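Presented below is the structure to which this report refers.
Reminder, nothing fancy here: chain letters follow the sequence lines and each chain counts from 1. For clarity, every value in this text was computed on a predicted model and none was experimentally measured.
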Amino acid sequence: MVFTVDIPELQCNLANWFRREGRSLPWRDTVSPYLVAVSEIMLQQTRVPAVIPYFLRWAEKFPSVQDLAEASEEEVLALWQGLGYYSRARNLHRFAREVCRRFGGQVPSGEGDLLALPGVGDYTAAAVRAFAFDLPAPVIDGNIARVLARLFDCHLPVDSAAGKKFLSDAAMKLQEGEISSRLWNSALMDLGATVCIPGEPACGRCPVREFCKAKHPSTLPKKKAKAEITRISEARGLCFLNGKIWLEKSAGPRWKGLWILPEIEEPPGCEPVVCLEYPITRYKVTMRVFDSLPAPSSEAHDAEAFQNLPMPSPHRRAIALWMSSATKK
DNA sequence: AAGCCGGGGCG
DNA sequence: CGCCCAGGCTT
């Protein structure tokens, strides 16, 4: 790759902009590599405003990696409730236990050590190295991928092998020199989040526009085509008996460990008591809920206490809808 | 390489 | 309504 840009000047412009306009975020106030890792795992495919309250509650309840390692899975899932991608919560729990067992409670800074931990992939390993340890690393999230693709007018799909190699090489090249990795990557990320945004970027107030090669920035980055949305329908049984509700602990890969309404065969000739629609990854699911007897796999929960169980949002919403329709009757 | 995993906000 | 988000794991 040929760089015709003056890297020190680019670094200086962006760093000065960041000192002026950078975001203030809770996980930037901590020096704990563990809390940095917590924030990064929470931020996987999840927006900053959604994460902030969860991160603050987490830092309060599990301030150290030992606190998390000693917690029960129930406590962990309860605190994660509503954030989505629940395998992240179980991975973070295992992450804490392995950090304690293998590294004496100190989050490692080596790329290989980090990548071997549950829930840590290329992005998170790089982010922990940069933000917690201030070490050079190719931090490529959705924001930085977009900024770099535009800066170099790169039309390779950013989710292809070739695109990722290009971005990684570019990211490492741009942080050469004396610049702090933590500062540089924070600045690049904030530029993507607030100026070099998806769709039409605000090039008029971009601190590095004189370095940008993008001819049509709104068309970048390119991505591979993704799967179409499939419509599916599912029937679930709701059993409310003697002030208790019957719920099943999900065992499958989806919502594992969370309490759900058991799936049933759709009873012929019956109308659902509740019907709602929710999107999940590449599906649009129509959930039809029927009055039913207790499913064999389910357990009775007290009508007040079940509200505090970890439960996927659509199931929680279905029960709330049923309760509001029942009180009207 | 492709499929799968939630939820929310915003245009 | 579709798109996108501080991605990782499994197949």
Sugar-phosphate, base or nothing in reach of A:Thr124, heavy atoms under 4.0 Å: sugar-phosphate
Nearest-nucleotide comparison on DNA chain C, the residue closer to the 5′ end among A:Lys284 and A:Phe131: A:Lys284
A:Gln106 CD: over 12 foreign heavy atoms closer than 6.0 Å: no
Aromatic plane relationship, A:Phe152 with A:Phe166 - under 30° parallel, 30 to 60° tilted, over 60° perpendicular: perpendicular
Integer-rounded Å distance: B:dC5 C1' and A:Met42 CE: 17 Å
Nearest to side-chain heavy atoms of A:Arg146, which nucleotide of C:dA6, C:dC5, C:dG2: C:dC5
Protein-nucleotide distance (A:Ile197, atom CD1; C:dA6, atom P), rounded to Å: 12 Å
Aromatic ring proximity A:Phe240/A:Trp322, centre distance under 6.0 Å: yes
Electrostatic pair A:Asp159-A:Lys223, nearest N-O below 4.0 angstrom: no
C1' atoms of C:dC5 and B:dG6, separation to the nearest Å: 12 Å
Sugar-phosphate only, base, or nothing, as touched by A:Leu258 at under 4.0 Å among non-hydrogen atoms: nothing
Below 3.5 Å, can you tabulate the donor-acceptor pairs from side chains in residues 50-62 of chain A to any protein atom, sequence neighbours excluded?
| from | atom 1 | to | atom 2 | distance (Å) |
| --- | --- | --- | --- | --- |
| A:Tyr54 | OH | A:Gln81 | O | 2.8 |
| A:Trp58 | NE1 | A:Tyr34 | OH | 3.3 |

DNA chain C contacts made by residues 44-62 of chain A, counting heavy atoms under 4.0 Å: A:Gln44, A:Gln45, A:Arg47
A:Ser313 side-chain proximity, nearest of C:dC5, C:dG7, B:dG8: B:dG8
Side chains of A:Phe18 and A:Ser186 in contact at under 4.5 Å (non-hydrogen atoms): yes
Atom P, compared across C:dG8 and B:dG8: separation rounded to whole Å: 22 Å
A:Ser160 or A:Tyr283, whichever maps to the more 5' nucleotide of DNA chain B: A:Ser160
Sidechain N-carboxylate O distance under 4.0 Å for A:Lys164, A:Asp169: no
Along DNA chain B (nearest heavy atom to each residue), the more 5'-positioned of A:Arg317 and A:Ala161: A:Ala161
Proximity to DNA chain B (any heavy atom under 4.0 Å), residues of residues 76-98 of chain A only: A:Gly82, A:Leu83, A:Gly84, A:Tyr85, A:Tyr86
Main-chain N/O of A:Leu25 paired to A:Arg28 side chain as donor or acceptor, under 3.5 Å: no
Ion pair A:Glu277/A:Arg288, N-O distance below 4.0 Å: no
Separation of atom CG in A:Leu43 from atom C1' in B:dG7, rounded to whole Å: 14 Å
Sugar-phosphate, base or nothing in reach of A:Pro312, heavy atoms under 4.0 Å: sugar-phosphate
Sugar-phosphate, base or nothing in reach of A:Ala193, heavy atoms under 4.0 Å: nothing
Separation of atom CD1 in A:Ile280 from atom C1' in B:dC4, rounded to whole Å: 9 Å
d(CG, A:Leu148; P, C:dA6) in whole Å: 14 Å
Phosphate OP1/OP2 of B:dG6: any A:Trp255 side-chain N/O under 4.0 Å: yes
Ring centroid separation A:His301 to A:Trp246 under 6.0 Å: no
Under-4.0 Å side-chain N/O to phosphate OP1/OP2 contact, A:Lys223 with C:dC5: yes
A:Trp27 and A:Leu35, any side-chain heavy atoms less than 4.5 Å apart: no
Whole angstrom value for the distance that separates P of B:dG6 from CE of A:Met287: 13 Å
Length of the CG-C1' vector between A:Asp141 and C:dA6, whole Å: 5 Å
Rounded distance in Å - CD1 (A:Ile144) to P (C:dG7): 10 Å
C:dA6 to B:dG11 separation - P atoms, rounded to the nearest Å: 15 Å
